[in-house]
Protein chains: 4
Amino acid sequence: MDKPLKKPSRIQIRNRKVILEAALEVFSRYGFRGATLDQIAEQAAMSKPNILYYFEGKEAIHDALLTRLLETWLDPLREMDAQGDPKSEILGYVRRKLDMSRDFPRESRLFANEILQGAPRMMPVLEGELKALVDEKVAVIRGWIAAGKMAEMDPYHLIFSIWALTQHYADFDSQIRAVLGHDGAIAEAEPFMEALFTRLLAR
Amino acid sequence: MDKPLKKPSRIQIRNRKVILEAALEVFSRYGFRGATLDQIAEQAAMSKPNILYYFEGKEAIHDALLTRLLETWLDPLREMDAQGDPKSEILGYVRRKLDMSRDFPRESRLFANEILQGAPRMMPVLEGELKALVDEKVAVIRGWIAAGKMAEMDPYHLIFSIWALTQHYADFDSQIRAVLGHDGAIAEAEPFMEALFTRLLAR
Amino acid sequence: MDKPLKKPSRIQIRNRKVILEAALEVFSRYGFRGATLDQIAEQAAMSKPNILYYFEGKEAIHDALLTRLLETWLDPLREMDAQGDPKSEILGYVRRKLDMSRDFPRESRLFANEILQGAPRMMPVLEGELKALVDEKVAVIRGWIAAGKMAEMDPYHLIFSIWALTQHYADFDSQIRAVLGHDGAIAEAEPFMEALFTRLLAR
Amino acid sequence: MDKPLKKPSRIQIRNRKVILEAALEVFSRYGFRGATLDQIAEQAAMSKPNILYYFEGKEAIHDALLTRLLETWLDPLREMDAQGDPKSEILGYVRRKLDMSRDFPRESRLFANEILQGAPRMMPVLEGELKALVDEKVAVIRGWIAAGKMAEMDPYHLIFSIWALTQHYADFDSQIRAVLGHDGAIAEAEPFMEALFTRLLAR
DNA sequence: AATGAATGAGAGTTCATTCAT
DNA sequence: TATGAATGAACTCTCATTCAT
C-alpha cells in the first residue's frame, strides 16, 4: 500500500518550507550527524513528531535540502555563455557566486559540510551532472584560449579557483569576521576579485 | 590540587599518538559532534575505555588535536619575511600552504570543520593570535605596496585569497577528484597558482 | 530563556508521582550514589528514557524528593506552641515524630542518608531554615524553664534527643526487628517515650 | 589449589591497616555502593591493583571493616554487669557508647549505613549474636526491675534508646554542627544524658 | 610487592523514531 | 494535522577487576 500522494495542501507547503528553513539553519552549522531533530524542531517552532509527519526522517529532510540546493547551485556556472566575451562572462560568474555567498551563506556551508565529509550523499551528482557541466564549460574556455581571447591556463583550476575564492567568504565567515574585526567582507572582496580575475585573464 | 603529571612512558607516548591519529581521521570527516568514540576506538584498534584512560574525554582529544594543529598551522604565514622580495615571499607562502594541503589534508579539514561551525573552540585564538599575526603581515604588505614593489590591493583579501585557494584543495578534495576524474590536483594547481599570483602582484 | 512550563497533564502528574514513589524506595535504601536509574525504572515499571522524559536527570529526582520532604519534615516542630503547656507540647511533638517514623519511614531514611553523607545537598537548609526554627523553639523552652514550668536542661540537646529517639525507629528498623523478633516496635515505644519524657521534664 | 596462607609479613600487616583506614573513611561517607575503589586508593595513597593484591575485592574490604567493627561494637553492652548497681551500670554503658561516638564516628556511620540499607551483610549477626546479647541483658534488667532496683520499663526500648541517643551524635554530626553552630556537642551531651537516664531509672 | 595498561559490564543521558490520541 | 508520551539504540563515561611486567 503506497502513500496516497495527494496534492499537498497550502498548509503542507508552508510547513515543509518552515521545516526546511529551520533544518538549513541547523544542518549548515553542525553537519548531518551533529544536527538533531530537537534543534530543528525548536528552530521551526514545531513538535518533533509533527516534523516527522512532513518528512520521513532526519535523512529525508537533509536530502530535500541538498536536492533543493542543487536546483540553483549550478545555475551561475550554467549561465556562462560560450558566445559571450570571456572576461565579462567569467567576471559575471564570479560576481554571481559572490552574490550567492552573500545571500545564501547557509546553503554554501551545507554544501561544504557535505563535501568535507566525502560527499556521501552527493557523490553521484558530483561525478554526473556537475562533472558534465564543468567539462562542458572547460571546453568553452579552451575555445576562448584557442581563439586567443584570454590567457592560457588550465580551465579546471580556473573554475576551482572561482569556487574557492567565492565560497570561502561564506564558509569561513566566522574566521574572516574575527580577523577583520568587522562585517561586510564580501563587499570589500568584490573589487579585489575583479582586479584578480582581470589580471589573470588578460593576454 | 593538580594531577601528578608524571613523565609519560613509551607506551603512553605511542598510544596517545595512535589515538590522535585515529581521532584526526574521524573528527576531520564528521566534525566534533558527528564523530563518536566508537569510531575513534575502532580506528585506533583500542577499546573505548582504554582511550579514556589516555584522554579525559572526547572533548580533550579534540582539544589536543586543535592545539597540536595550531602549533604549525600559522607557521607558513609567520615565515613571510618583510625584508624579502614581495613576489617570492608571497609565492613562497602560497607554495607552503599548498604543501600543507597536500601533506596534511585532514588537519585542514579539521580546521575547516571548526570554522564552519562558528569556531566555538577556536574563536579566542582567531581573534587573538591569528588576528595579530595577520595584522602584522598586512602592515608588511602595505609597506611593499607603498614602496611600489607590488600592485595596489587590499592586503587582507590577498591573504584570504591565499587561504581560500590553497585550502580548497584539501577541504573540497572529494569534489575535485570527482570533477577531474583523477588524483594529483595539487601538482596541477601549482603552476596555475604561480601564474595567478605573479599576474596579480605585478605592477 | 526558561522552559515554557505548561500546566502538567493528568498523565504527567500521575507519572511524576509514580517515579517519585519508586525513587523514594530506592534512594532511601541505597543513598544517592548507590541508587541507579535502572532500579528506579524497574520499581516504577517504566523505561529509563521515559523517566528522563519527566525529570531532567537522576539528581533532579533526588532534589524533588528532598524538596518535597522538607515541606513537611519540620512541621511537627513548628507546631510546638509557646502558649501551651510544656509537657503536653513536648510530648505532642514526640508523638508526631513517632507517627512520622511509623507512616513515613522511607522519608526518614532518605533524610538520614543525606545527613550521613555530610548533607552535601541540604547543608544550606540545615544552617538556614532548620537552625532558625530550632533557635526559636530553644528560646521557647528556655522561657518555660525560666518560668519554672519544667526541669532545667539544655534545650538543644532536648530537641536532639527527640530526633534521635524517634527517627531511630525508622532508620534502624531492620536492626530493631532483628533484635525484637517481631514488628510493631513503634507501638511499644510510645508508652516508653511518654514515661521517659514525663520523668525528664518533671520539676 | 588453595591460597598458601602464609603468615603475613610486617608490610602486609601495615598495608592492610592503611587500606582499611582509607576504606573506613570512604565507606562511612558514601555507603557500600556509593564508594569507589578509586576513592579508597587515593585515600590510601596506593594504586588500585595494589589494593586488590591485599584484598579480594571491594566487598572483601567492606566485609573486613564490618568484621573488625563487630569485634568491639558490642563490647560496651557486654560490659554491663548483672552484679553491679543498675544506675551506674546503665550510665556507664551510656558513657562508653558516647565515648565511641566521639572517638569512632566513622565506625558508627559505617554501621548506620549498613543498617539503613536493610543490613544485607550483617543481618545474620543481628539476628544471632546481637539478639542473643540483647536478650541476655534484657533479662538482667528485668531482674533489676523485679528486685525493685530501678523503675519499671520495657528493657528492649531502654537499650534502643541508648543506641539512638548516643549514636545520633556520630551519625547526624553534620546536622548537629549546623544547628549548634559549633563543635563539641558530645561534651555538652554528657550531662544531659546523665540527667535523662538518672530520672528515667529512678524508682 | 607494586603498578601501568587494559577491559567488560554497566551507569546516566541523548536521540531518532513510533505510539496513541 | 498535531502533539504528549514512550522507547530501543547508541553515546559518553565510570568502575571493579584483570593482565603483564
Side-chain angles (χ1 to χ4, degrees), chain A residues 8-12 14-15 32-41 45-61, chain B residues 6-12 14-16 33-41 45-61, chain C residues 6-12 14-16 33-41 45-61, chain D residues 8-12 14-15 32-41 45-61:
Chain A
S9 72
R10 233 157 293 127
I11 235 181
Q12 278 199 343
R14 193 194 43 133
N15 276 343
F32 178 71
R33 299 205 26 201
T36 73
L37 277 186
D38 273 307
Q39 291 174 294
I40 296 172
M46 275 189 202
S47 72
K48 232 181 340 178
N50 202 22
I51 284 182
L52 293 168
Y53 174 79
Y54 289 102
F55 288 91
E56 294 255 324
K58 184 184 179 181
E59 185 136 32
I61 304 175
Chain B
K6 288 209 207 122
K7 187 156 54 126
S9 70
R10 233 156 294 125
I11 286 187
Q12 285 220 353
R14 188 183 45 110
N15 277 345
R16 288 179 66 96
R33 299 206 25 203
T36 74
L37 279 184
D38 272 309
Q39 290 175 295
I40 296 173
M46 280 190 195
S47 72
K48 230 180 341 179
N50 201 25
I51 284 184
L52 295 168
Y53 175 75
Y54 289 100
F55 287 92
E56 297 253 323
K58 184 185 178 181
E59 185 137 29
I61 304 176
Chain C
K6 286 208 208 123
K7 187 158 49 131
S9 70
R10 232 157 295 126
I11 285 186
Q12 286 221 354
R14 186 183 46 110
N15 277 345
R16 289 179 67 95
R33 298 204 28 200
T36 73
L37 278 185
D38 273 309
Q39 290 175 295
I40 297 173
M46 281 189 195
S47 72
K48 225 178 351 174
N50 201 25
I51 284 183
L52 295 167
Y53 175 75
Y54 289 100
F55 287 91
E56 296 254 324
K58 184 185 179 182
E59 185 137 28
I61 304 176
Chain D
S9 71
R10 233 157 294 127
I11 235 180
Q12 279 199 342
R14 194 196 38 135
N15 276 344
F32 178 71
R33 300 202 28 197
T36 73
L37 278 186
D38 273 306
Q39 290 174 293
I40 297 172
M46 276 190 200
S47 72
K48 232 179 340 177
N50 202 22
I51 284 183
L52 293 169
Y53 175 79
Y54 289 102
F55 288 91
E56 294 257 324
K58 183 185 179 180
E59 185 137 29
I61 304 176

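All of these numbers come straight from a predicted model, not from anything done at the bench. Protein chains get the first letters and strands the later ones, always in sequence-line order, with residue 1 at the start of each.
D:N15 is not listed as a side-chain neighbour of D:F55, based on a closest heavy-atom distance of 4.5 Å or more. You'll find the side chain of A:I40 stays beyond 4.5 Å of the side chain of A:K58, heavy atoms only. Between B:I51 and B:K48 the shortest side-chain heavy-atom distance does not fall below 4.5 Å.
Side-chain nitrogen and oxygen atoms of B:N50 include at least one within less than 4.0 Å of the OP1 or OP2 phosphate oxygen of E:dT7. The phosphate of F:dT14 (OP1 or OP2) has no side-chain N or O of B:Y53 nearer than 4.0 angstrom. Regarding contacts with the backbone of F:dG4, every side-chain N or O of C:Y54 stays at 4.0 angstrom or more from both OP1 and OP2. Regarding contacts with the backbone of F:dG4, every side-chain N or O of A:S47 stays at 4.0 angstrom or more from both OP1 and OP2.
Rounded to whole angstrom, the span from the CZ atom of B:F55 across to the C1' atom of F:dT14 amounts to 19 Å. One atom, CD of C:Q12, and another, P of F:dT3, lie 15 Å apart when rounded to the nearest Å. As a whole-Å value, the separation of C:M46 CE from F:dA5 P is 11 Å.
Considering every non-hydrogen atom in both D:S47 and D:A41, the closest pair reads C-CB, 4.3 Å. Closest approach of B:R16 and B:Y54 over heavy atoms only: NH1-O, 2.9 Å. Contact record, D:N50 with D:M46: ND2-SD, 4.0 Å, taken as the closest heavy-atom pair.
Nearest-nucleotide positions on DNA chain E place D:I51 closer to the 5' end than the other of D:I51 and B:N15.
In this structure, E:dA5 forms a base pair with F:dT18, meeting either the Watson-Crick or the G-U wobble geometry with both donor-acceptor distances under 3.5 Å. Shown here, E:dT14 forms a base pair with F:dA9; the pair counts as Watson-Crick or G-U wobble because both key distances fall under 3.5 Å.
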I'd like a table of atom pairs between the protein and nucleotides 13-16 of chain E - only N or O on both sides, under 3.5 Å - with the distance next to each one.
residue : atom : partner : partner atom : Å
E:dT13  : OP2  : C:K58   : N            : 2.8
E:dA16  : OP1  : A:A35   : O            : 3.3
E:dA16  : OP1  : A:L37   : N            : 3.4
E:dA16  : OP1  : A:K58   : NZ           : 3.4
E:dA16  : OP2  : A:L37   : N            : 2.8
E:dA16  : N7   : A:K48   : NZ           : 3.4

